[in-house]
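Structure first, commentary second.
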Protein chains: 2
Amino acid sequence: MVRKGGGDLGGRRSTIRDVAARAGVSASTVSRVLGGVYPVSTRTRARVQRAVRELDYVADAHAKAVAGAGTPALALVLDDITGPSFAHMARGVEREAARLGHLCLVCSTDGDTGHELGFIEMMRAQRAAAVILVGGAVDSPEYRRRMARVADSLASAGSRLVLCGRPPLAPGTPVTVIEYDNENGAFALCAHVLAQGHRRVLFLGGSPENTAAQGRERGYLAAHRARGIEPDPALRLSGDFTRDSGHRLLRRALDQGLAFTAVMAATDMVAAGALTALHEAGLSVPGDVSLAGYDDIPFARDLHPPLTTVHVPYEQLGRLAVRTSLGRTPDAPDEHLLLGTHVVIRDSVAPPAGAPL
Amino acid sequence: MVRKGGGDLGGRRSTIRDVAARAGVSASTVSRVLGGVYPVSTRTRARVQRAVRELDYVADAHAKAVAGAGTPALALVLDDITGPSFAHMARGVEREAARLGHLCLVCSTDGDTGHELGFIEMMRAQRAAAVILVGGAVDSPEYRRRMARVADSLASAGSRLVLCGRPPLAPGTPVTVIEYDNENGAFALCAHVLAQGHRRVLFLGGSPENTAAQGRERGYLAAHRARGIEPDPALRLSGDFTRDSGHRLLRRALDQGLAFTAVMAATDMVAAGALTALHEAGLSVPGDVSLAGYDDIPFARDLHPPLTTVHVPYEQLGRLAVRTSLGRTPDAPDEHLLLGTHVVIRDSVAPPAGAPL
DNA sequence: TTGAAAGCGTTACCAA
DNA sequence: TTGGTAACGCTTTCAA
């Protein structure tokens, strides 16, 4: 089969030497005109550029990398790109990486720690400029040990570990941690709910091990205590961060006859499922029960009623992750950023029926 | 600063030669035990493996690539990872790629053709196994020319162009096209709406240039004509595929006093925005106005009322994209897959008020 | 301003 | 079963 275009070499990619030959110069010269910054005569440069065009040549990125040139890629490791908040972080990472001229590798782990470790190993093999781990994790001594080892091994390969929305490691570990304030966000949100007069607030959590879920639950608890209320433990349910979890949990609560006048979901997705369950049960929101979410995903506005929630600057988080990890020496001391959140009040939270104004 | 762990070489990554030296063997031998399939004595293998562990060694992927070994990455190019349907395709691609041992590079173009071309060039430099372009495009002679050139240039570099949800190219072009049936899906959906008795159906489209939007609009039109109805052109609005577009368009239609009893949105996101605008105007769905979407994103169930829409197998699309593009000779003839869709009936479409049963 | 040659970290061929 | 060496495609001294 015959390729179109001038650049056929029998199915072989054209190399810098092919270009050199065609332009009647040496490979070094081609490299120099492509590099852009070296002194090359105008005539030579033109000839080389023409040859490049005719051959449709692009320099092999791997060869460049091996030779010590080239821009290393960034690696993004997350649970599931399909979660709206993850997707927004991914966008931030991808955009900032592109702006800085880096390519972006992404891996989904589906929550499997083994996969995660495997991916990190691959990223080290790829000489990634940084490996960004996104999303809550199970915080345990084992987690800290494992991550510290990863951080060191990445650092010694000239790369950098970035933890986004994950618990920090021991001081001195070469890692960048960027968190958003789960606890305070949940505190503010729950305080708002309580201020409306609710006393029995159902908490629809994530996995009890997940640090993001834990932080939000701590905020829920703290807001109660700040008002001198001891929340009923029976009101704290755990599941995962999916829409289905919210739906299932709320339906079960209803079936069990649990008494509550408001629901605080660990996630907007969870809230969405819960809302549907509420509607299915013929309950009106916020007339019969109030509902609040967390994350402020774009869809939250289109729920009915529009969802009161906590805004988390996910995209900015992603941008920050790449900005702070790049242009930093691999084994810089650990660095810790905490981003603020704020509650956005819409229509899904109101005073409980029969409450005093 | 002193690195922890045995593998310190003064900040240098350890190489296969470091491992060889430590194990007292040659680099070739190390390569062989790492490769796994060559005959190596048990004793030697053990020694090498220990050295690998002690040095925390991983083979450099770039060097491997240059040497002709190694698994090439897959490249995914899309508009915006934040769109739910894109995210699901991305998940399909990423999962299937991982299953097959490939890494996945992703780039967002934000609809900029120049960026797109630039990314494709980079992917060629990366020797990507395939470049998967996702999402509707502007179909023009210029588009076809450009894509054909890209397809050839990718093919001659041993890579393969995959078009997902984009118009096909001239026969014979080395490209794989995977489409889902926009027109028939929209036809079926609109037929369902018309069957309920609606006669003035507002169409909330995407960009008039976008082929996905066009296909859906064609389905809308065809369904009308199949019933002998000539739809009022004033009822066809265009915007983009965002939630805000739906909100804005519907609000404007209302402001202008446009008469309609049903709304068909080009996208679930658009439908979500439209739904909120409807609610804000005090209109009930489907009591006053029926509403239908397209894509069947998970959220569609949690809209109120749950949204009648068209299901598109996005994740499967992604998996298929990688499966068909891998393990195929680069300049195989063009291949064209058309995936079916089906309408999922929920509660947002009902007969118009005062309609005959 | 240009070219030759060494080097980057692998793998694969050929001998031993 | 092992080691030496060439080769992969590029960049970067070093000389000219």
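Just so it is clear, the values below take in all heavy atoms, side chains as well, and ignore hydrogens, waters and symmetry mates. Protein chains get the first letters and strands the later ones, always in sequence-line order, with residue 1 at the start of each.
Taking each heavy atom of A:S31 and A:I16 in turn, the nearest pair found is N-CD1, 3.7 Å.
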Steps toward salt bridge (Lys or Arg N to Asp or Glu O under 4.0 Å) verdict (A:R166, A:E179): CA-CA 7 Å; A:R166 287 204 176 195; A:E179 291 189 276; over 6 Å; no
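If you take CG of A:D60 and C1' of D:dC8, they are 9 Å apart, rounded to a whole angstrom. We find that CZ of A:R32 is positioned 6 Å from C1' of C:dT2, with the value rounded to whole Å. For the pair B:I16 CD1 and C:dG7 C1', the computed distance is 17 Å after rounding to whole Å. Distance CG (B:L34) to P (C:dA12): 12 Å, rounded to an integer number of Å. Following rounding to the nearest Å, B:K64 (NZ) and C:dT11 (P) show an atom-to-atom distance of 5 Å. Atom NE2 of A:H62 is separated from atom C1' of C:dT11 by 15 Å (rounded to the nearest Å). Distance CZ (B:R43) to P (D:dT2): 10 Å, rounded to an integer number of Å. At whole-Å resolution of the value, CZ in A:R47 and P in C:dG3 are 9 Å apart.
When distances run from any side-chain atom of B:T44 to the nucleotides C:dT11, D:dT2, D:dG9, the shortest one goes to D:dT2. Taking every side-chain heavy atom of B:R17 into account, C:dT10 is the closest of D:dT12, C:dT10, D:dC10. For A:P39, the side-chain atoms get nearest to C:dT1 when compared with the rest of C:dT1, D:dC10, C:dG9. In the set D:dT2, D:dC8, C:dG7, D:dC8 carries the atom at the smallest distance from any side-chain atom of B:A67.
In this structure, A:E121 pairs ionically with A:R124, as a charged nitrogen and a carboxylate oxygen lie closer than 4.0 Å.
Remark: the A:S156 side chain and the A:S153 side chain contain no N/O donor-acceptor pair separated by less than 3.5 Å.
Both A:G24 and A:A63 lie near DNA chain C, and the one whose nearest nucleotide falls closer to the 5' end is A:G24. Mapping B:G68 and B:T29 onto DNA chain D by nearest heavy atom places B:T29 at the nucleotide closer to the 5' end.
On a pure distance criterion of 3.5 Å, no polar donor-acceptor pair joins the side chain of B:S31 and the base of C:dA12. Under 3.5 Å, the side chain of B:R127 and the base of D:dG9 form no donor-acceptor pair of N or O atoms. Counting distance only, with no hydrogens placed and no angle test, the side-chain atoms of B:S26 and the base atoms of D:dG4 include no donor-acceptor pair under 3.5 Å.
Contact annotation: B:Y38 does not reach the phosphate of D:dG3 (side-chain N/O to OP1 or OP2, under 4.0 Å).
Heavy atoms of A:S28 sit under 4.0 angstrom from at least one base atom. Residue contacts for B:V58: at a heavy-atom cut-off of 4.0 Å it reaches the sugar-phosphate backbone alone, with no base atom in range.
With respect to B:L133, the side-chain contact (heavy atoms from CB on, under 4.5 Å) criterion is satisfied by exactly one of B:V77, B:L76, B:V177, B:V150: B:V77.
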